[in-house]
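Written out below as structure tokens is the structure these notes cover.
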Amino acid sequence: MDSKFQPSLFEKPLYDGWEKTILAHERRGRPYTILMPPPNANASLHAGHGMYVIDDLMIRYKLMTGWAALWVPGMDHAGFETQYVYEKNLAKQGKSRLDFDRQTLFANIYQFVKDNSGLIYQQFKRLGFLAQWSRSVFTLDQPVLDAVFATFVKMEQEKYVYRSDYIVNYCTHCGTSLSELEVDHVERTDPLYYIKYGPFVLATVRPETKFGDTALAVHPRDKRYQKWVGKEIEAAGLLGKFRIKVIADTYVDPEFGTGVVKITPAHDHNDFAVGQRHHLEIKSVIDFSGRLNHRAGPYAGLKVKQARGRVADDLKRAGLLEKVDEHYQHSVTVCYKCRRDLEPMVVPNWFIKVDKLKQPVLAAVKAKAVEFHPRRYVKQMNQWLKTMHDWPISRQIVWGIRIPAWYNVDQNPDLYVVFLDREKKQQQGTIKRLLQQHDLAEIKAGLQKLMADKAARYVVNVSCPGERFLQETDTFDTWFSSGQWPLVTLKKTEYQTRYPTDMLGTLSDILPFWVSRMMMFSLYLRHQVPFKHVYLWSMVADAQGQKMSKSKGNVINPITLVDRYGADAFRAALIFGTSAGSKVNLAEDRVRGMRNFANKVWNIGRFLNLNTQRTAADDQSKATGAASTKIMKKLEREFNEEKQKYGRAMDSYQFARALGQVYQFIWHRLADYYVEQLKAALQHGNIEVQEKLTAVYLANLQMLHPFMPFVTEAVWQVFKGKHASILNSQF
RNA sequence: GGCCGCUUAGCUCAGUGGCUAGAGCGUCUGAUUUACAUUCAGUAGGUCGGGGGUUCAAAUCCCUCAGCGGCCACCA
């Protein structure tokens with residue numbers, strides 16, 4: 001044995017050995033199952049992934065305590081994330097998603113993901129993770145698609161599915177809706193118009209949307225307007241007199257403008273939310289091409305900006321414009337691509353009714369069918385579940401599982417369609433109009449997106465129900481498929497023996513998105529919870545406790561640390577002294593400290609190994625006997641106590657405590673005290689002492705193994721032979 | 001704005017009503033031809049954020065004040 005433990009000499013061969021001896025063979029024993037939270041398929045390892053160590057240490061601990069432990073890995077297509085990354089790549093080539101029809105775009109992204117997806121498992125292996133790689137499941141694999149479709153069809157039949165309005169950022173120039181991540185915010189100075197509205201004056205930057213107003217709002221505690229709340233007022237407008245009701249909502253800032261706001265639910269995010277709260281009518285006045293529609297009377301057909309000027313001029317002429325503040329500064333959201341103003345627009349979306357679905361989840365949490373570690377998350381979970389509204393499951397992106405709903409083009413002449421024609425020129429409009437110049441096959445081939453009114457007639461079916469149908473272009477929210485993760489990862493027979501699975505480890509911030517949905521789907525489809533324990537990982541932060549982010553430049557690459565200090569040191573640094581569901585500061589000092597510990601472990605082994613090769617010299621053996629016996633008894637007592645505490649900590653998910661226990665015992669009791677006290681006896685070849693120390697040491701290697709698998713296995717093989725594995729030992 | 005946390009040694013943090021409140025890193029003093037300098041023995045360093053309460057007993061439970069952080073705000 002070298003005088004130092006050198007991780008780089010051992011890690012690869014030891015891992016290869018585990019793949020052959022552990023992963024390649026079916027285990028016997030009571031089933032213990034963990035499903036790996038699928039990382040993004042195109043991702044590479046970041047420090048946060050280090051927390052998968054929790055899963056791995058449980059797998060190893062269970063393997064060594066007689067369980068048939070199984071860890072099933074997988075990858076998520078991560079809809080929006082991935083498409084966004086891909087599009088950034090496209091942008092470097094001067095292209096965008098709008099240059100492709102959706103089939104081609106999907107195929108290209110698929111290839112992109114495939115090219116990038118091998119890396120993260122390689123990196124997981126460097127950290128020592130013992131998952132059944134051969135069983136990896138990808139969320140776009142056919143069996144997953146089948147399951148997701150079947151679920152949707154069942155939900156549709158059982159009336160959990162409906163279509164309703166949802167407000168999105170829409171670029172009328174690019175013909176697409178955009179998510180939060182692809183909009184830019186710019187500061188700009190625009191005129192703020194003060195418009196007379198019956199007895200009120202109100203301030204707005206968007207007079208052209210007034211045809212879509214369905215209420216006026218004031219702050220509930222604003223004394224100036226209290227007498228109007230709940231009443232309808234009459235006002236003169238450009239299209240004649242009209243009546244509109246006054247509501248009170250705390251969203252209104254009484255300090256801003258005049259304290260009165262017009263509410264246009266169809267064209268403003270905040271107004272939409274207010275509209276939902278007060279059940280206001282949604283009146284769209286702008287169409288998908290960015291022009292005003294029939295509700296705008298004489299302004300119909302004008303583009304938004306033109307209309308704004310014309311409306312303002314006409315209001316002034318009619319004496320309805322009190323004043324204009326030309327220097328109003330505000331923030332405007334614009335398209336990341338064409339930089340034009342985005343139009344918040346109401347687009348019909350697919351929804352899942354959650355009221356009935358979430359009840360069994362609440363009940364299961366209450367009955368402790370699922371336990372949370374740490375426990376405080378039960379409270380959060382309940383809070384989230386109670387306030388959870390219906391779930392909008394459609395996403396206006398290509399990279400995902402396309403919703404299996406079909407629209408008959410003859411029955412739905414107003415379907416709004418965007419597609420690339422044979423010349424690769426983008427065309428858009430209602431299907432009725434487009435079919436006058438293009439045939440359906442051309443439209444199908446070049447289809448980019450379609451939008452169907454809430455009232456549109458549709459058929460839900462896994463495959464195309466007929467010639468004259470177009471499939472919905474929206475894809476499922478990623479959580480709709482990953483929410484069914486526990487239902488698609490095991491083999492059929494394993495659902496009898498391995499379900500509910502035993503532990504789910506994950507970050508607390510996706511508890512409401514993912515964990516609650518998995519429970520919901522599992523209880524809905526199998527009437528069982530998907531897992532018994534949820535362990536919340538800690539967020540991995542930098543040495544100062546700052547969240548890692550590219551913009552801060554404080555991102556730590558775990559592989560760099562593994563190269564420098566070894567996987568054991570990295571793993572232990574993440575666990576040592578950190579509690580569940582909080583934060584772990586990944587300071588290099590911590591990792592170095594754990595590297596020193598690994599070396600200590602190695603050297604105790606080296607010392608014992610050197611001395612057990614000597615044979616007993618009778619005299620000394622007897623001479624040291626009495627004193628040694630006393631110390632060995634003490635050692636025995638202390639070791640038993642340690643072992644008990646360790647077991648209790650492991651079984652109650654207190655991994656930091658378990659590791660701390662072993663660390664303290666190995667270093668400061670076994671090495672610093674007992675080995676020192678028994679050193680003379682050991683060196684003189686007292687066999688009893690040799691055996692006792694070796695036995696306690698080996699048992700500690702076993703306890704430490706889940707946390708520091710490499711050094712413990714390396715020393716184990718020195719004692720037990722090159723073909724032995726500590727994972728095949730039991731304790 | 002809503003929700004959840006945090007405040008304990010110089011730094012980063014454990015601490016689940018009950019021994020003299022702990023760890024890692026750092027400080028300072030000393031040891032050494034060593035299993036390991038990635039070492040060992042020792043040392044200093046704490047009004048457990050402030051105030052109040054419950055209790056035989058509070059870092060721990062309750063109230064309150066102050067400061068800090070996270071998540072969400074188009075599903076809370």
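In what follows, chains are A, B, ... by sequence order, proteins preceding strands, each numbered from 1. Keep in mind that this is a model prediction, so the values were computed, not measured.
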>> Please give the distance between the P atoms of B:rG69 and B:rU12 as a whole number of Å.
In response: 14 Å

>> Under 4.0 Å, heavy atoms only, any strand: does A:R595 hit a base, just the sugar-phosphate, or nothing?
In response: base

>> With nearest nucleotide decided by heavy atoms, which residue, A:I167 or A:W667, maps closer to the 5′ end of RNA chain B?
In response: A:W667

>> In whole Å, I'd like the distance from the NZ atom of A:K679 to the P atom of B:rU39.
In response: 15 Å

> So, is A:H668 close to the B:rG24 phosphate, meaning a side-chain N or O under 4.0 Å from OP1 or OP2?
Replying inline: yes

> Are the aromatic rings of A:Y673 and A:W667 close, with centres under 6.0 Å apart?
Replying inline: no

> Rounded to whole angstrom units, what separation is found between the OH atom of A:Y674 and the C1' atom of B:rC40?
Replying inline: 18 Å

> Contact class for A:D390 (heavy atom, under 4.0 Å): base, sugar-phosphate, or nothing?
Replying inline: nothing

>> Please give the distance between the P atoms of B:rC19 and B:rA58 as a whole number of Å.
In response: 12 Å

> Checking all strands, does A:G577 fall into the base, sugar-phosphate, or nothing category for heavy-atom contacts under 4.0 angstrom?
Replying inline: sugar-phosphate

>> Students often get this wrong, so: under 4.0 angstrom with heavy atoms, is A:R657 touching a base, only sugar-phosphate, or nothing?
In response: base

>> Distance check, C1' atoms only: B:rG15 and B:rU7, in whole angstrom units.
In response: 15 Å

> Counting just side-chain N and O atoms, does A:K600 come under 4.0 Å of either OP1 or OP2 of B:rC40?
Replying inline: yes

>> Check the orientation of A:F480 and A:F521. Use parallel for under 30°, tilted for 30 to 60°, and perpendicular for over 60°.
In response: perpendicular

> Counting side-chain heavy atoms from CB outward, which of B:rG24, B:rU38, B:rA35 is closest to A:F576?
Replying inline: B:rG24

> Separation of A:M539 atom CE from B:rG70 atom P, in whole Å?
Replying inline: 8 Å

>> What is the distance, to the nearest angstrom, from the CD atom on A:Q6 to the P atom on B:rA35?
In response: 19 Å

> So what does A:F513 touch, heavy atoms closer than 4.0 Å: a base, only the sugar-phosphate, or nothing?
Replying inline: base

>> Quick check: A:F597 with A:F576 (ring centres under 6.0 Å apart)?
In response: no

>> Regarding A:K645 and A:E642, does a basic nitrogen lie under 4.0 Å from an acidic carboxylate oxygen?
In response: no

>> Requiring both pairing distances under 3.5 angstrom, list the stems that contain RNA chain B and are made of three or more consecutive Watson-Crick or G-U pairs.
In response: B:1-7 with B:66-72, B:10-13 with B:22-25, B:28-31 with B:39-42, B:49-53 with B:61-65

>> Can you work out whether A:F272 or A:Y377 has the more 5'-proximal nearest nucleotide on RNA chain B?
In response: A:Y377

> Checking all strands, does A:R517 fall into the base, sugar-phosphate, or nothing category for heavy-atom contacts under 4.0 angstrom?
Replying inline: base

> When you compare B:rA57 with B:rA21, how far apart are their C1' atoms, in angstrom units rounded to a whole number?
Replying inline: 15 Å

> Rounded to whole angstrom units, what separation is found between the NE2 atom of A:H267 and the P atom of B:rC74?
Replying inline: 18 Å

> So which of A:V346, A:T209, A:T214 actually passes side chain to side chain contact (heavy atoms under 4.5 Å, CB included) with A:K283?
Replying inline: A:T214

>> Using the side-chain heavy atoms of A:D672, tell me which of these nucleotides is nearest: B:rA41, B:rA35, B:rC74.
In response: B:rA41

> What about the rings of A:F665 and A:Y646, do their centers lie closer together than 6.0 Å?
Replying inline: no

> Can you check the A:L670 CG to B:rA35 P distance for me, whole Å?
Replying inline: 16 Å

> Considering only the C1' atoms, how many Å lie between B:rG46 and B:rU8, rounded to the nearest integer?
Replying inline: 8 Å

> Are any of the side-chain heavy atoms of A:Q484 and A:W479 separated by less than 4.5 Å?
Replying inline: no

> Roughly how many Å is it from CD1 in A:I397 to C1' in B:rC74, rounded to a whole number?
Replying inline: 15 Å

>> Just checking A:F351 against A:Y162, ring centres under 6.0 Å apart?
In response: yes

> Separation of A:Q677 atom CD from B:rA41 atom C1', in whole Å?
Replying inline: 13 Å

>> Tell me whether the side-chain N/O atoms of A:N585 come closer than 4.0 Å to OP1 or OP2 in B:rC13.
In response: yes

> Quantified in whole Å, what is the C1' atom distance between nucleotide B:rG17 and nucleotide B:rC61?
Replying inline: 8 Å

> If you look at every strand shown and take non-hydrogen atoms under 4.0 Å, does A:E676 touch a base, only sugar-phosphate, or nothing?
Replying inline: base

> With rounding to whole Å, what would you report as the distance between B:rG42 and B:rC6 at their P atoms?
Replying inline: 35 Å

> Taking the same atom, C1', in B:rG5 and in B:rA23, what whole-Å distance lies between them?
Replying inline: 23 Å

> Would A:R517 count as a cation-pi partner of A:W485, with NZ or CZ less than 6.0 Å from the six-membered ring centre and within 45° of the ring normal?
Replying inline: no

